[in-house]
Amino acid sequence: MEPIITRHLGTPDLWRLDTYRAHGGYETLTKALQEHQPDDLITMVRDAGLRGRGGAGFPTGVKWGFLPKDGRPRYLICNGDESEPGTFKDRLLLENDPHQVLEGLILSCYAVGAHLAFIYLRGEFFLSARRVQEAIDEAYQAGYLGENILGSGMNLEVLLHRGAGAYICGEETGLIESLEGKRAYPRIKPPFPANIGAFGMPTVVNNVETLANVRHIVAHGAEWYNSIGPERNRGTRMWCVSGRVRKPGVYEVPLGIPLRDLIFDHAGGLEEGRTLKAVIPGGSSSPILTAEEAMEVDSDFDALQRAGTMGGSGGLMVLDDRVCVVQSSYIISEFYHDESCGQCTPCRQGTGWMTKLLHRIEHGEGRPGDVDLLLSMGANIFGRTICPLGDAAVWPVESAINKFRSEFDHHISDKRCLPGTESIL
Ligand SMILES: Cc1cc2nc3c(=O)[nH]c(=O)nc-3n(C[C@H](O)[C@H](O)[C@H](O)COP(=O)(O)O)c2cc1C
Ligand code: SF4
């Protein structure tokens, strides 16, 4: 099928307002402000079954419905922090099609009654920052932002906020703390941001791709959206395919297509003579799948969950027979240790211990009992932390041990990687 969100990517100067408008840009906003009440849009997005593309796959319309109607100002935050290893789809949109994201954001603010919105950008996204700011400026000049938007009476200010390069700023409450000028320590929930979010006010946090979807749902309706993807898993997904494939890149496909089609048709499959070893489907925090599991599963949220993993951030990493799973687990573990905010002891200390153990196993210094010790450490981190980063650090290692145990044992007994695997360190 024709891509929806990425349809115009590749058009020269798509980030400029004139080019975006030449492809129908802002027509949906203009029409929606004339023809729909805000509640119509919430109903539309809820009936469409849109699920968040930031990681958890929570239904967007339902989340919007949680905002209390108590007269306090409401804020909307577009989460453009995108730091999950293996994920690079939001950057593609922010750099190349910022007006599409902005139109989705303005429609979403209209729906939830927000008059102030923030776009929180990952600090290293220099080009995105420039393009998004230019798009905001153009939108103000054209009357899509500011006071009395297109004569509708709607007011909306949008501020771009740049992070400083910490993964934890992608977690919504860490992001809010950072936005408020503080250290990005995730908050204990409840209260949820829908009730007490940025600056103490009800706040919606949505991912970049989620907001881009809103623009198309409002343009074509919930019924149209429901015709794409299986039940409870509607729409398309921008998969970021990386690792040992011939054509790594971002592929927008309907949710629910077989994962094997994504790897072998869209991403060109493996190099000549190689075999598939494993797949990490939803960013580095998602549990690893064996080749057999990956060949069987569909790519929607629910199918991946039934298979014991998750679609997460859409960062699909392909491992062929040359990859050492112990080494990839060590690399992932080191990332989480590095990015732990340090607020809770199990995560701060536990991720460090796990990384040290994996380091010694990988480097031929593992001792009998180390693998079970790793599992026990994971059990002492999992579910005992303020935010899900603790769980995210455990899942990849625990699943790798459960599915590739013999490889870990081989490292301890033979003090090296399995023959045929290559080091990438
Ligand atoms: C450690 C951690 C990092 C996260 N990083 C991101 C991120 O970079 N971008 C993002 O959209 N969501 C990220 N999330 C999820 C957000 O907390 C939040 O659920 C999401 O932005 C909501 O948007 P959605 O409902 O549109 O998916 C992260 C969550 C955790 C626990
Ligand atoms: S789980 Fe880790 S990252 Fe999350 S709040 Fe605790 S210490 Fe910080």
Side-chain angles (χ1 to χ4, degrees), residues 45 50-66 76-91 93-94 101 104-105 108 112 118-125 128 163 165-179 183-189 192-194 197 203-214 235 237-238 240 282-286 301 310-315 335-352 354 380-395:
V45 169
L50 171 64
R51 292 174 67 169
R53 305 302 198 237
F58 194 83
T60 307
V62 176
K63 187 192 270 191
W64 291 0
F66 288 152
L76 185 141
I77 301 172
C78 169
N79 189 344
D81 193 61
E82 192 167 72
S83 308
E84 179 79 8
T87 316
F88 39 87
K89 65 188 174 66
D90 295 340
R91 177 162 61 93
L93 292 178
L94 295 163
V101 179
L105 177 145
S108 304
V112 303
F118 302 90
I119 301 179
Y120 191 102
L121 266 197
R122 175 174 168 163
E124 297 95 328
F125 283 1
S128 301
Y167 169 68
I168 201 58
C169 290
E171 193 281 333
E172 56 186 10
T173 59
L175 184 158
I176 289 170
E177 288 283 302
S178 162
L179 191 66
R183 190 171 180 155
Y185 277 158
R187 297 175 180 171
I188 292 173
K189 295 189 249 186
F192 290 93
T203 304
V204 166
V205 182
N206 275 134
N207 171 259
V208 169
E209 187 188 349
T210 311
L211 294 175
N213 269 276
V214 170
R237 213 161 176 193
M238 292 171 67
C240 319
S284 58
S285 55
S286 55
F301 291 102
M310 58 187 184
S313 60
F335 171 80
Y336 288 107
H337 172 50
D338 215 42
E339 296 297 337
S340 165
C341 81
Q343 200 180 183
C344 5
T345 310
C347 173
R348 184 187 63 243
Q349 298 294 328
T351 53
M354 285 180 83
N380 279 294
I381 299 172
F382 195 87
R384 293 166 199 260
T385 56
I386 293 173
C387 92
L389 188 143
D391 300 351
V394 174
W395 273 321

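Note that ligands are numbered from 1 as they come in the structure, with each ligand's atoms numbered from 1 the same way. Computed from a predicted model, the values in this text were never measured in an experiment.
- In terms of polar-atom proximity, Tyr167 is not counted as a contact of ligand 1, lacking any N or O under 3.5 Å from an N or O of the ligand.
- In the vicinity of Ile168, heavy-atom distances shorter than 4.0 Å reach the ligand 2 atoms 3 (S).
- In the vicinity of Val205, heavy-atom distances shorter than 4.0 Å reach the ligand 1 atoms 21 (O), 22 (C), 23 (O).
- Taking atom 18 (C) of ligand 1 as the reference point, the nearest protein heavy-atom neighbour is Glu172 OE1, 3.7 Å.
- Shortest contact from atom 23 (O) of ligand 1 to any protein heavy atom: Asn207 N, 3.2 Å.
- Tyr167 contributes no side-chain N or O that, together with a main-chain N or O of Pro85, makes up a donor-acceptor pair within less than 3.5 Å.
- Of the protein's non-hydrogen atoms, the one nearest atom 2 (C) of ligand 1 is Glu171 CB, 3.8 Å.
- Among all non-hydrogen protein atoms, the one lying nearest atom 16 (C) of ligand 1 is Gly170 O, 3.5 Å.
- In Thr351, neither the side chain nor the backbone holds a heavy atom less than 4.0 Å from any atom of ligand 2.
- Heavy atoms from both the backbone and the side chain of Cys344 come within less than 4.0 Å of ligand 2.
- Heavy-atom proximity to Asn206, at under 4.0 Å, picks out these atoms of ligand 1: 23 (O), 24 (P), 25 (O), 26 (O).
- At a threshold of 4.5 Å between non-hydrogen side-chain atoms, the residues Val208 and Glu82 do not count as touching.
- Listed by number with element, the atoms of ligand 1 under 4.0 Å from a non-hydrogen atom of Lys63 are 22 (C), 23 (O), 24 (P), 25 (O).
- Near Ser83, the atoms of ligand 1 lying under 4.0 angstrom from a non-hydrogen atom of the residue are 8 (O).
- Where the criterion is an N or O separation shorter than 3.5 Å, residue side chain and backbone included, Asn79 meets it with respect to ligand 1.
- The shortest N/O to N/O separation between Thr210 and ligand 1 falls below 3.5 Å.
- Of all non-hydrogen atoms in Trp64 and Val214, the two that sit nearest each other are CH2-CG2, 4.0 Å.
- Residue Gly54 has at least one N or O atom closer than 3.5 Å to an N or O atom of ligand 1.
- Those atoms of ligand 1 that come under 4.0 Å of a heavy atom in Arg53, given as number and element, are 26 (O), 27 (O).
- Listed for the Asp81 side chain is no donor-acceptor partner under 3.5 Å among the backbone atoms of Ser83.
- Every atom of ligand 2 is numbered from 1 in the order shown, and the set under 4.0 Å from a heavy atom of Pro186 is 5 (S).
- Annotation for ligand 2: atoms under 4.0 Å from non-hydrogen atoms of Gly390 are 1 (S).
- Classification of the Phe66-Phe58 ring pair by plane angle, with boundaries at 30° and 60°, yields tilted.
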